[in-house]
**Q** 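Here you go, one structure.
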Amino acid sequence: MSALLLPEEIEALFTREDGSYTFSRWGRPITPIVFGVTDETLATVKGAVEAVVTLAGHKMAETDPELGANLMFFFFRDWNELLEVPDLDRMIPGLAPLVSRLSEEDASQYRAFRFDEDGGIRAAFVFLRMQGGMAEMPAEALALSQAVQVMLLWGDRAFAEVSPLAVLPENGNTILRPEIAGVIAAAYDRLLPVSAQDASHALRLYARLQALPAEGSTT
């Protein structure tokens, strides 16, 4: 790889605010669905998901036999709009107080995950409030950023200070940072578990990174 993270830096990517290490990846094929966008943006979001899934060496499918769609993106302008989505309160327990809290915090995004018995990601819900800076982001950059952030269960502050994306100065194209691309590829190594709660897992990811060939990043 052209960029490597140290073991402690990898560990930080999967560390919760309470100090616990929590890692999880998708154990089943990903079937995305997108609400609240034009057909053009729909294609952009699904294309970004497919690109990151390909990077990971994982799979996509037309439908999940149990859930239908297991990765849901919701685009909207006001958090209260979620309260009008049919049956969403069944998929997101405590939806009303969650919407109230996110509105008070003036939040721009929120992600919720569900897990299989082995700890692998079973489903993910991505909520994006398209106001302010979020609405001004290029669709390709927004889609790629969100695809990256649901590919693994990252720590609470994994990208709080540094975006997973970078802009190439020579042409202005947005790419996935090589070191983050490497972590995603390593995390989906078939010899690694779909979930882990011991920080020694970060050392195993680091070892996989040493063996990865130098490659370009997802654009």
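The figures here come from the full heavy-atom set of this structure, side chains too, leaving out hydrogens, waters and symmetry mates.
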**Q** Is there a side-chain contact (heavy atoms from CB on, under 4.5 Å) between Val53 and Met151 once you walk through the steps?
**A** CA-CA 8 Å; Val53 168; Met151 200 62 201; 3.9 Å; yes
**Q** Write down the atom of Val148, the atom of Pro164, and the distance for their closest heavy-atom approach.
**A**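 Between these two residues, the closest heavy atoms are CG1-CB, 4.0 Å.
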**Q** Would you kindly confirm whether Phe127 and Leu98 end up in one hydrophobic cluster when ILVMFWY residues are joined by side chain heavy atoms under 4.5 Å apart?
**A**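 Yes, it is one cluster - the side chains of Phe127 and Leu98 are joined through contacts under 4.5 Å.
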**Q** Taking atom CD of Glu81 and atom CZ of Phe75, what is their separation to the nearest 0.5 Å?
**A**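 Rounded to the nearest 0.5 Å, the CD-CZ separation comes to 13.0 Å.
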**Q** Assess the residue pair Arg122 and Leu67 against the criterion (side-chain contact (heavy atoms from CB on, under 4.5 Å)); give the C-alpha distance rounded to whole Å, side-chain angles, the decisive distance to 0.1 Å, and a yes or no.
**A** CA-CA 9 Å; Arg122 176 188 182 207; Leu67 304 172; 3.7 Å; yes
**Q** Assess whether a salt bridge exists between Arg129 and Asp78, defined as any Lys/Arg side-chain N lying under 4.0 Å from an Asp/Glu carboxylate O.
**A**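 No.
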**Q** Within the structure provided, determine whether Met91 and Met72 are in side-chain contact (heavy-atom separation under 4.5 Å).
**A**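 When only atoms from C-beta onward are counted, Met72 and Met91 do touch, with a gap below 4.5 Å.
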**Q** Near Asp39 CG, under 6.0 Å, is it more than 12 heavy atoms from other residues, nucleotides or ligands?
**A**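 No, because the 6.0 Å sphere around CG of Asp39 holds 12 heavy atoms or fewer from other groups.
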**Q** Pick out which of Leu142, Val34, Ile33 makes a side chain to side chain contact (heavy atoms under 4.5 Å, CB included) with Val45.
**A**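 When Leu142, Val34, Ile33 are each tested with Val45, the side chain to side chain contact (heavy atoms under 4.5 Å, CB included) holds only for Val34.
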**Q** Report yes or no: does His201 contribute a side-chain atom to a donor-acceptor pair with the main-chain N or O of Pro193 at less than 3.5 Å?
**A**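 No.
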**Q** Atom CG in Leu153, atom CG in Leu13: separation rounded to 0.5 Å?
**A**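 Those atoms lie 12.0 Å apart.
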**Q** Answer with yes or no whether the hydrophobic clustering places Leu144 together with Val167; edges join I, L, V, M, F, W, Y residues whose side-chain heavy atoms lie under 4.5 Å apart.
**A**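 They do not share one cluster, since no chain of ILVMFWY contacts under 4.5 Å joins Leu144 to Val167.
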**Q** Do side-chain atoms of Ser195 reach the backbone of Gly120 as a donor and acceptor pair under 3.5 angstrom?
**A**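 Side chain of Ser195 to backbone of Gly120: no pair is present.
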**Q** Could you state the interatomic distance from CZ (Phe115) to OG1 (Thr22), rounded to the nearest 0.5 Å?
**A**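 It is 8.5 Å, given to the nearest 0.5 Å.
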**Q** Any donor-acceptor pair under 3.5 Å linking the side chain of Ser20 with the backbone of Arg16?
**A**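 Absent.
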**Q** Test your reading of the model: is there a side-chain donor-acceptor pair from Ser108 to the backbone of Met134, 3.5 Å cut-off?
**A**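 Between the backbone of Met134 and the side chain of Ser108 there is no qualifying donor-acceptor contact (under 3.5 Å).
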**Q** Test side-chain hydrogen bond (donor to acceptor under 3.5 Å, both in side chains) on Arg111 and Gln149 and set out the steps.
**A** CA-CA 9 Å; Arg111 280 169 291 279; Gln149 292 182 78; 2.8 Å; yes
**Q** Would you say Gln131 has more than 12 foreign heavy atoms packed within less than 6.0 Å of its CD?
**A**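 Counting other residues, nucleotides and ligands, CD of Gln131 exceeds 12 neighbours.
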**Q** Would Leu203 end up clustered with Leu205 when hydrophobic side chains under 4.5 Å apart are linked, directly or stepwise?
**A**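 In one cluster: no.
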**Q** Would you indicate whether the side-chain heavy atoms of Glu105 and Leu102 approach each other to under 4.5 Å?
**A**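 In short, these two side chains touch, coming nearer than 4.5 Å.
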**Q** Report, as yes or no, whether the 6.0 Å neighbourhood of atom CD on Glu62 holds more than 12 heavy atoms from other residues, nucleotides or ligands.
**A**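 Not buried by this count: 12 neighbours or fewer within 6.0 Å.
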**Q** Out of curiosity, Phe74 CZ to Leu88 CG, how far, rounded to the nearest 0.5 Å?
**A**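 Reported value, rounded in 0.5 Å steps: 5.0 Å.
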**Q** Do Phe73 and Gln146 make a side-chain contact, defined as non-hydrogen atoms from C-beta onward lying under 4.5 Å apart?
**A**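 The answer is yes; the side chains approach within 4.5 Å.
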**Q** Are Val126 and Leu71 close enough, and set up right, to give a side-chain contact (heavy atoms from CB on, under 4.5 Å), and what steps lead you there?
**A** CA-CA 8 Å; Val126 182; Leu71 173 55; 4.3 Å; yes
**Q** Side chains of Phe76 and Phe35: does their closest heavy-atom pair fall under 4.5 Å?
**A**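 Counting from C-beta outward, Phe76 and Phe35 never come under 4.5 Å.
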**Q** For Asp118, does its backbone N or O pair with a side-chain atom of Asp116 as donor and acceptor, under 3.5 Å?
**A**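 No: the side chain of Asp116 does not pair with the backbone of Asp118.
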**Q** For the pair Arg25 and His58, evaluate side-chain contact (heavy atoms from CB on, under 4.5 Å) and give the outcome as yes or no after the intermediate values.
**A** CA-CA 10 Å; Arg25 73 185 190 204; His58 194 52; over 6 Å; no
**Q** Answer yes or no: are there more than 12 heavy-atom neighbours, outside Glu170 itself, under 6.0 Å from its atom CD?
**A**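 Check passes, neighbour count above 12.
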**Q** Please answer whether the main-chain N or O of Leu95 pairs with a side-chain N or O of Asp89 as donor and acceptor at a distance below 3.5 Å.
**A**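 Here the side-chain-to-backbone pair does not exist.
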**Q** Indicate yes or no for a side-chain donor-acceptor contact from Trp26 to the backbone of Val150 under 3.5 Å, with no hydrogens or angles considered.
**A**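 It does hold such a pair.
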**Q** Ignoring hydrogens and angles, tell me if any N or O in the side chain of Thr15 forms a donor-acceptor pair with the backbone of Glu11 under 3.5 Å.
**A**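 Indeed, once roles are kept as given, a pair shorter than 3.5 Å links the two residues.
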**Q** Looking at side-chain heavy atoms only, is the closest gap between Leu192 and Arg204 below 4.5 Å?
**A**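 The answer is yes; the side chains approach within 4.5 Å.
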**Q** Could you give me the CA-CA distance, side-chain angles and deciding distance for Thr41 and Thr38, then say whether side-chain hydrogen bond (donor to acceptor under 3.5 Å, both in side chains) is met?
**A** CA-CA 5 Å; Thr41 302; Thr38 63; 3.3 Å; yes
**Q** Is Arg77 atom CZ crowded by more than 12 heavy atoms from other residues, nucleotides or ligands, each under 6.0 Å away?
**A**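 Check fails, neighbour count at 12 or below.
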**Q** How many angstroms lie between CG in Asn173 and CD in Glu140, if you round to the nearest 0.5 Å?
**A**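 Here the rounded value is 10.0 Å.
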**Q** Tell me whether Phe125 shares a hydrophobic cluster with Ile30, the cluster being built from Ile, Leu, Val, Met, Phe, Trp, Tyr side chains joined at under 4.5 Å.
**A**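 Each belongs to a different hydrophobic cluster.
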**Q** Just verifying a value: how many Å separate Ile184 CD1 and Glu179 CD, rounded to the nearest 0.5 Å?
**A**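 Rounded to the nearest 0.5 Å, the CD1-CD separation comes to 11.0 Å.
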**Q** side-chain hydrogen bond (donor to acceptor under 3.5 Å, both in side chains), that's the test. Do Thr31 and Asn70 meet it? Break it down for me.
**A** CA-CA 5 Å; Thr31 58; Asn70 57 27; 3.2 Å; yes
**Q** Where do Lys46 and Glu50 land on the salt bridge (Lys or Arg N to Asp or Glu O under 4.0 Å) test, with the steps shown first?
**A** CA-CA 6 Å; Lys46 287 192 173 183; Glu50 183 174 6; over 6 Å; no
**Q** Is the side chain of Arg177 donor-acceptor paired with the backbone N or O of Ser163 at a distance under 3.5 Å, no angle test?
**A**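 Side chain of Arg177 to backbone of Ser163, a donor-acceptor pair under 3.5 Å: yes, one is there.
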**Q** In terms of relative ring orientation, are Phe23 and Phe14 parallel, tilted or perpendicular, with 30° and 60° separating the classes?
**A**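 Taking Phe14 first and then Phe23, their aromatic rings stand perpendicular (interplane angle over 60°).
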**Q** Taking side chain as C-beta onward, heavy atoms only, is Val183 less than 4.5 Å from Trp154?
**A**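 Side-chain contact under 4.5 Å: yes.
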**Q** Hey, is CD on Glu40 packed in by over 12 heavy atoms from elsewhere, all under 6.0 Å?
**A**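 Incorrect, the count does not exceed 12.
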**Q** Using only heavy-atom distances, determine whether the side chains of Ser100 and Ser103 contain a donor-acceptor pair under 3.5 Å.
**A**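 Ser100 vs Ser103: no donor-acceptor pair found between side chains.
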**Q** Is any side-chain heavy atom of Leu191 closer than 4.5 Å to a side-chain heavy atom of Arg208?
**A**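 SC-SC contact between Leu191 and Arg208 confirmed.
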**Q** Testing the basics here: between Ala112 and Ile92, what is the closest heavy-atom pair and its distance to 0.1 Å?
**A**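 Between these two residues, the closest heavy atoms are CB-CD1, 4.1 Å.
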**Q** Please check: side-chain N/O of Gln210 versus main-chain N/O of Tyr206, any donor-acceptor pairing under 3.5 Å?
**A**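 Yes: the side chain of Gln210 pairs with the backbone of Tyr206.
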**Q** Does the side chain of Leu209 come within less than 4.5 Å of Ile10's, by heavy atoms?
**A**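 In contact.
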**Q** May I ask whether Phe113 and Val194 are part of the same hydrophobic cluster, defined by side-chain heavy atoms of I, L, V, M, F, W, Y residues being less than 4.5 angstrom apart, directly or through others?
**A**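 Shared cluster, no.
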